[in-house]
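Lettering follows sequence order; numbering is per chain, from 1.
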Amino acid sequence: MSTRTSWADLAANSAAENVTAGSSANNGAAGTTSAPGRSTYVPPHLRNRPASSDPPAPAPAPAYNGPVASNDRPGYGGGSRWGGPRNDFNRSGYSGGRAGGWGGGRSGGWDRGREREVNPFEDEDDTEEQAFNEQENTGINFDAYEDIPVETSGDNVPPAVNTFAEVDLGEALNQNIRRCKYVKPTPVQRHAIPISLGGRDLMACAQTGSGKTAAFCFPIISGIMRGQAPQRPVRGARTVYPLALILSPTRELSMQIHDEAKKFAYQTGVKVVVAYGGAPINQQLRELERGVDILVATPGRLVDLLERARVSLQMIRYLALDEADRMLDMGFEPQIRKIVEQMDMPPAGVRQTMLFSATFPKEIQRLASDFLASYIFLAVGRVGSSTDLIVQRVEFVHESDKRSHLMDLLHAQRANGVQGKQALTLVFVETKKGADALEHWLCINGFPATTIHGDRTQQERELALRSFKTGNTPILVATDVAARGLDIPHVAHVVNFDLPNDIDDYVHRIGRTGRAGKTGLATAFFNENNASLAKALAELMQESNQEVPAWLTRYAARASYGGGRNRRSGGGRFGGRDFRRDSSFSRGGSDYYSGGSSSAGYGASGGYGGGGGGGGGGYGPGVTSAWD
DNA sequence: AAAAAAT
């Protein structure tokens, strides 16, 4: 009878498989960085002497060879765990507040930062968490990787590696990789790490949850560890000079990246600090003053810090944009341009730049190429997500029936609940008001729900997310703030209560389930208001071997007027196709570099066959790839 | 038209 029941079964199964509560990172990989031969400029960290010339931007104080500047830390002495005493920072006003036992002494500066460093692995001691980790790492089906389509294009693409051992990341980082129980690099890591270690710029399409964070963190951390201890200029005692900047579009995602990066950087001497809005700035300022090598930030707060001259980007060696296509869309682009092009950041080609996202529309690739120099494009099929591991269903539900329909799904799911725990269900809606309304309605109908959206305070947002992750509140109603990047283990079911207008947003939303090799279920409520999405949705589902309802196919055919806008970005699977290879963009060999080699990775995997080719459209003639 | 992001 009703297919509904079987969906609930799916969700329940998925939940059973995933258990509940607790969260853990599931990225993993390795890398190091060196950047040989980029024209004539030799990055400071590759010199065997202190950087003393051509600073990227005029420094107020040329005193580079003087004593190490205020917020510098001593060298990352090779391999030595305690790299030596840390200079005291110029933070006269620092008044503890946090630590006990670190008495006001600003004296010896015996590296309190590091000694105080919280062991990020401690909380994983409990067996349950341990079990998750084991499961998650062995749980990823590594054999299946051989079937994951990979495409690279660009000049002299460094070959992929098969193990972490093949790349020299340094002992401290290797130890953290072991602590994270990362056995083998994921596909995106296998390719991105050597590219990054080779000093190359990178534009990478890969789903979050496939190991993306580690793919850009490892080379950055390794590169900083190996680099010459930076001689940072003195601008003002309170200005800090991070060596790496990681930007992301939401506060929660920045927090998540920060948490992961802290694990990877544990006892490496590399300091990771996060800055985002909605939280008191003073505490963030104090953290910054204690020294920062890698700054993770959301754009607004960073601009604030830059304008206050509390942060300078002059020493940036690495720039990473996570969810890069979102960062460059209309809402964010001006801020990003300001940060990257109009402050004191070294230009493309001097710094190393890495852009990551699961989706990369052509137009955005074109914008993004401003930030890159002779970059390599990498597209990796997802480990799980929207391909095999997520079962996608679309139901025709009139606007007025949505609530009761959702209720039916939840009821069935609860009936099938495992171990008395309800499966985690993430419900996406279009508006903030709609989120509040639905949350309220669910609560008064006996379903414990909470909500996350931009009108809530940061405290409320974080509480909601925590409560959901732990299973305390097994239903989370969210706007697109939660659509990207968030790694919430054990989400069994994503419901698109309101479908997004953009197919890429759909891809990101359903990517919140089916992570790290787990199965997941994604249900969408479709009605006449979503006509413009029909074509792209039907194509996407077909590409990922999903059952496409006949009525949706009819809608898709009818709704050809929806045309251009919602077509799959670039026509490729996973939004992954180098725009430079599209004839309409290759303007007669100008700076867009026409040469590049291109290769399709391991096996054009029959499994991914299925003819997306025709529908997506728009390729230049004669272009082939693993996905064609 | 909506969401996100600084105060």
Side-chain angles (χ1 to χ4, degrees), chain A residues 208 245-258 273-285 287-288 295-311 313 321-340 342-343 357-359 361 364 399 426-439 451-462 464-465 476-486 496-509 512 527-533 562 565-566:
Chain A
T208 315
L245 176 64
I246 301 172
L247 292 173
S248 97
T250 66
R251 298 164 183 173
E252 287 76 14
L253 184 52
S254 281
M255 296 169 62
Q256 177 182 302
I257 294 167
H258 172 248
V273 176
V274 67
Y276 53 82
I281 200 170
N282 283 332
Q283 193 177 331
Q284 290 172 11
L285 287 172
E287 285 298 320
L288 287 169
L295 177 59
V296 184
T298 48
R301 178 54 61 89
L302 177 61
V303 168
D304 190 6
L305 292 168
L306 292 169
E307 284 172 349
R308 297 181 190 213
R310 298 299 294 263
V311 171
L313 302 177
L321 301 192
D322 202 1
E323 308 298 343
D325 60 332
R326 169 62 83 230
M327 302 300 278
L328 291 168
D329 79 6
M330 287 202 320
F332 271 122
E333 194 205 339
Q335 271 181 307
I336 301 300
R337 282 206 186 273
K338 175 167 189 174
I339 291 166
V340 177
Q342 288 155 35
M343 304 304 286
S357 182
T359 53
I364 304 284
E399 213 57 45
L426 181 51
V427 182
F428 282 105
V429 296
E430 195 61 20
T431 66
K432 296 177 281 197
K433 274 183 167 217
D436 282 334
L438 184 57
E439 177 218 17
T451 182
I452 184 167
H453 59 70
D455 274 356
R456 304 201 80 192
T457 68
Q458 192 54 28
Q459 211 172 11
E460 289 170 330
R461 286 165 59 158
E462 288 170 29
L465 194 54
L476 179 64
V477 183
T479 59
D480 268 332
V481 70
R484 285 171 172 258
L486 293 188
N496 274 292
F497 188 90
D498 302 319
L499 272 165
N501 296 315
D502 185 328
I503 190 65
D504 285 344
D505 291 331
Y506 173 84
V507 170
H508 285 275
R509 285 179 178 188
R512 296 316 100 212
N527 62 37
E528 58 281 352
N529 296 330
N530 311 115
S532 67
L533 193 69
R565 238 183 358 135
N566 279 321

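- Within 4.0 Å of A:R461, counting heavy atoms only, lie sugar-phosphate atoms of the nucleic acid but no base atom.
- Under the side-chain hydrogen bond (donor to acceptor under 3.5 Å, both in side chains) criterion, A:K338 pairs with A:E307, sequence neighbours left out.
- Between A:T298 and A:Q335, every side-chain heavy-atom pair lies at or beyond the 4.5 Å cut-off.
- The distance between atom NZ of A:K433 and atom C1' of B:dA3, rounded to the nearest whole Å, is 15 Å.
- Close to B:dA3, at under 4.0 Å from its OP1 or OP2, lies no side-chain N or O of A:R484.
- Between the CZ atom of A:R456 and the P atom of B:dA3 there is a distance of 15 Å, rounded to whole Å.
- Here the nucleotide nearest the side chain of A:T431, chosen from B:dA6, B:dA4, B:dA3, is B:dA3.
- As rounded to whole Å, 14 Å separates atom C1' of B:dT7 from atom CD of A:Q458.
- Between A:R251 and B:dA5, a side-chain N or O to OP1/OP2 separation shorter than 4.0 Å is present.
- Side-chain atoms of A:L476 and A:R512, non-hydrogen and from C-beta on, never get closer than 4.5 Å to each other.
- To the nearest angstrom, P of B:dA5 lies 17 Å from CG of A:L328.
- Going from atom CD of A:E333 over to atom P of B:dA3 covers 22 Å, rounded to whole Å.
- For A:R310 and B:dA6, the CZ to P distance is 17 Å, given to the nearest whole Å.
- Distance from the side chain of A:N501 is smallest for B:dA1 among the nucleotides B:dA4, B:dA6, B:dA1.
- Side-chain N or O atoms of A:E323 include none that pairs as donor or acceptor with a backbone N or O of A:R484 at under 3.5 Å.
- Rounded to whole Å, atom C1' of B:dA6 lies 6 Å from atom CZ of A:R301.
- A:D304 comes within 4.0 angstrom of a nucleotide base, judged by non-hydrogen atoms across all strands.
- Taking only side-chain atoms of A:H453, from C-beta outward, the nucleotide of B:dA6, B:dA2, B:dA4 with the closest atom is B:dA4.
- By the side-chain hydrogen bond (donor to acceptor under 3.5 Å, both in side chains) test, A:S248 pairs with A:S254, sequence neighbours left out.
- Of the side-chain N and O atoms in A:T298, one or more sit less than 4.0 angstrom from OP1 or OP2 of B:dA6.
- Checked against B:dA3, B:dA5, B:dA2, the side chain of A:K432 finds its nearest nucleotide in B:dA3.
- B:dA1 atom P lies 12 Å from atom CE of A:M330, rounded to whole Å.
- A:G331 comes within contact range of at least one nucleobase, with a heavy-atom separation under 4.0 Å.
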